[in-house]
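Comments concern the structure below.
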Amino acid sequence: MKQSPAQDWGPEPSAWAPMRRPVFRALWIAQLAANMGTWMQTVGAQWLMGDLGGGAFEVALVQTATTLPVFALVVPAGALGDILDQRRLLLGGQLLMFLGAAGLAGVTAAGAATQGLLLGLTALMGVGEAFCISSFQAIQPELVSREEIPQAALLNSANGNVARAAGPALGGAMIAATGPEATFALNALSFLGVLVVLYAWKRPVTHRPLGSEHIRDAIRAGARYVRSAPLFGAVIGRSGLFMIFAGGLWALLPTVARGPLGLSAGGYGLLLASVGLGAVLGAVLLPSVRPHLKTNVLVTGAMVVYAATMAVIGLVPSALAVAAALIVSGLAWVAVLSTLSASAQVLLPAWARTRGLAYYQLVFMGGQALGGVGWGMAADRLGVGTAFVVSGIGLLVTTVVGTRLLPMPSGPIDVRPAQIWADVPDVAVPGRDAGPVLVTVEWRVDRGNAEAFIEAMRPVGMSRRRTGASLWGLFEDMADPTLFLETFTVGSEREHLRLIMERGTKVDQELEARALALTRPGSKPFVRHMIWAYASGRDEELSSLP
């Protein structure tokens, strides 16, 4: 069920349009340095673990220490991003990553590094990353115009891929010249640029008339929103399906380089550079292609191209052919991820943006992790070339299925804040946690419009659930078929007020207007807001009665 007809993205700005925004430009440059430092850090940490006597398992634990905190904390961190000031949360996350990298540099230079310290300080950086990953995406609509969000997503994707290509090569060269402690120190310095930009950014204060949510309630509200937002769910579903199969390239490429292609570490670095080159080409070319293709066609086509490049890498034992395929795969990779990321950002209202993007990141990273492990096991059993071909075929099949079952929205929907009901309870102070609250809405509908009204109310029910309702239902009066009663409950009085005052959007308003247009002319929905009679504090009052 669709939330609302998708709108066109509008005129396509140039590829570099977001770079005219001073804060975006400064943050993009600082993040490029930080991303390169992170990849250098990864190489240095894995190398140091080997120097400390670690085997293959211990070296693999370095990656686990990096990603496990993110996977475990990204959802509560996303909720915190919508509760707290995102700028301060980003500053705290970046500071944790700086402390982790600086600590590693210090203990390594002092000769005091151990396997436990290496993993612990790496995990500290993972905690910092968990606090930053969703909030960085969530602030993009504040840094650029609505029309520039696809270009901003493209530039951010290219940023990460260029760092992925150049960082490991620079890290390897630095380790050979001065040792792993230099990569840790440079990584620590790379975070300072992001900290300076964020500290200088004068972000407008978010007005919350009902105060901040409790983190438990914020997590529940985020999960409820994601369950009741089919367009956003399609973006998450396509992301997960893509990453399970596409992640095989990143997991198996080192094995291809060392095995069938017989390349050295420098040759492997050139293969990664080919991916980065493709990502940069994608950032330049896609703005001119996007206006001529629907979002669903663009994502599906890029996924098919990526699947084809995986088959080439698995079947053709030529370094030149693999490098060419990786350039194309880099372009397809950035086309898929930037489009998914931009769609996710514009489909979420401000009140749920960071926590919704946290679920997007959870699925994205989970798919990558599962894909990496699964295709690694497949390569051991089938051979690396066959594993590449099978993963490419799997991606092709899931792309076709996903296109039919999870069609991408062709553009943004209007998620600007809007109050749904003009008549709301007169509350002088913020709501209590007492509840639940029952809301009933009486609608008068002529018999000829009854079926159309019932269909129009289905997306209204989804809208109520997105904003905080549960147990939503629509009932027809058995004695008077022109009377329909809509009912839903909200967990507490405070959540009820958030639903009314903070969480409505223009698209929710539009959905209700469509249903209202089918009601009896001159009639007006009659709304009642009722709290559970035995709510907190009420029990004591009743028990004191004679």
Side-chain angles (χ1 to χ4, degrees), residues 32 35-47 56 59-60 62-63 66 157-176 183 242-243 245-285 302-303 305-337 368 371-373 375-376 378-380 382-392 395:
L32 178 61
N35 287 336
M36 291 185 67
T38 297
W39 281 104
M40 294 170 64
Q41 158 99 20
T42 299
V43 174
Q46 292 172 334
W47 193 270
V59 172
V62 173
Q63 185 66 22
T66 302
S157 294
N159 188 317
N161 280 282
V162 169
R164 183 195 291 264
L170 291 175
M174 187 167 288
I175 291 169
T183 64
F242 176 69
M243 289 309 305
F245 293 94
L249 186 148
W250 303 108
L252 301 178
L253 188 59
T255 306
V256 169
R258 294 172 65 94
L261 300 182
L263 299 177
S264 64
Y268 175 56
L270 289 176
L271 293 184
L272 290 176
S274 299
V275 180
L277 176 59
V280 173
L281 289 175
V284 174
L285 297 176
M303 288 182 177
V305 170
Y306 192 95
T309 63
M310 294 186 75
V312 170
I313 294 169
L315 292 173
V316 182
S318 163
L320 186 60
V322 169
L326 286 172
I327 293 174
V328 177
S329 68
L331 195 158
W333 173 272
V334 78
V336 172
L337 296 194
Q368 190 170 23
V373 172
W375 296 115
D380 285 340
L382 306 174
V384 66
T386 303
F388 259 101
V389 173
V390 172
S391 60
L395 177 57

Problem set entry | Test side chain to side chain contact (heavy atoms under 4.5 Å, CB included) applied to L326 and L277, L253, L331, T309, the passing residue | L253
Seminar exercise, completed: Nearest heavy-atom contact between A307 and G392 is CB-O, 3.4 Å
Exercise. Roughly how far apart are S274 OG and I327 CD1, rounded to 0.5 Å?
Worked result: 5.0 Å
Side-chain donor-acceptor pairs of residues 313-322 under 3.5 Å, sequence neighbours excluded:
unit_1: S318; atom_1: OG; unit_2: L320; atom_2: N; d: 3.4
unit_1: S318; atom_1: OG; unit_2: A321; atom_2: N; d: 3.3

Exercise. What pairs with F388 under ring-ring contact (aromatic ring centres under 6.0 Å, His included), at least two apart in sequence or on another chain?
Worked result: none
Seminar exercise, completed: OH (Y306) and CZ (F242) are apart, to the nearest 0.5 Å, by 5.5 Å
For this session: Would you sort out whether M310 and L249 count as a side chain to side chain contact (heavy atoms under 4.5 Å, CB included), showing the intermediate values?
Result: CA-CA 7 Å; M310 294 186 75; L249 186 148; 4.3 Å; yes
Exercise. Is there a side-chain contact between L271 and L261 (heavy atoms, below 4.5 Å)?
Worked result: yes
For this session: Indicate yes or no: at least one non-hydrogen side-chain atom of M174 is less than 4.5 angstrom from one of T183.
Result: yes
Seminar exercise, completed: Minimal heavy-atom distance between A283 and V334, with the atoms involved, is N-CG1, 4.5 Å
Report, one line per pair, each donor and acceptor closer than 3.5 Å where one atom sits in a side chain of residues 165-173; sequence neighbours left out.
none

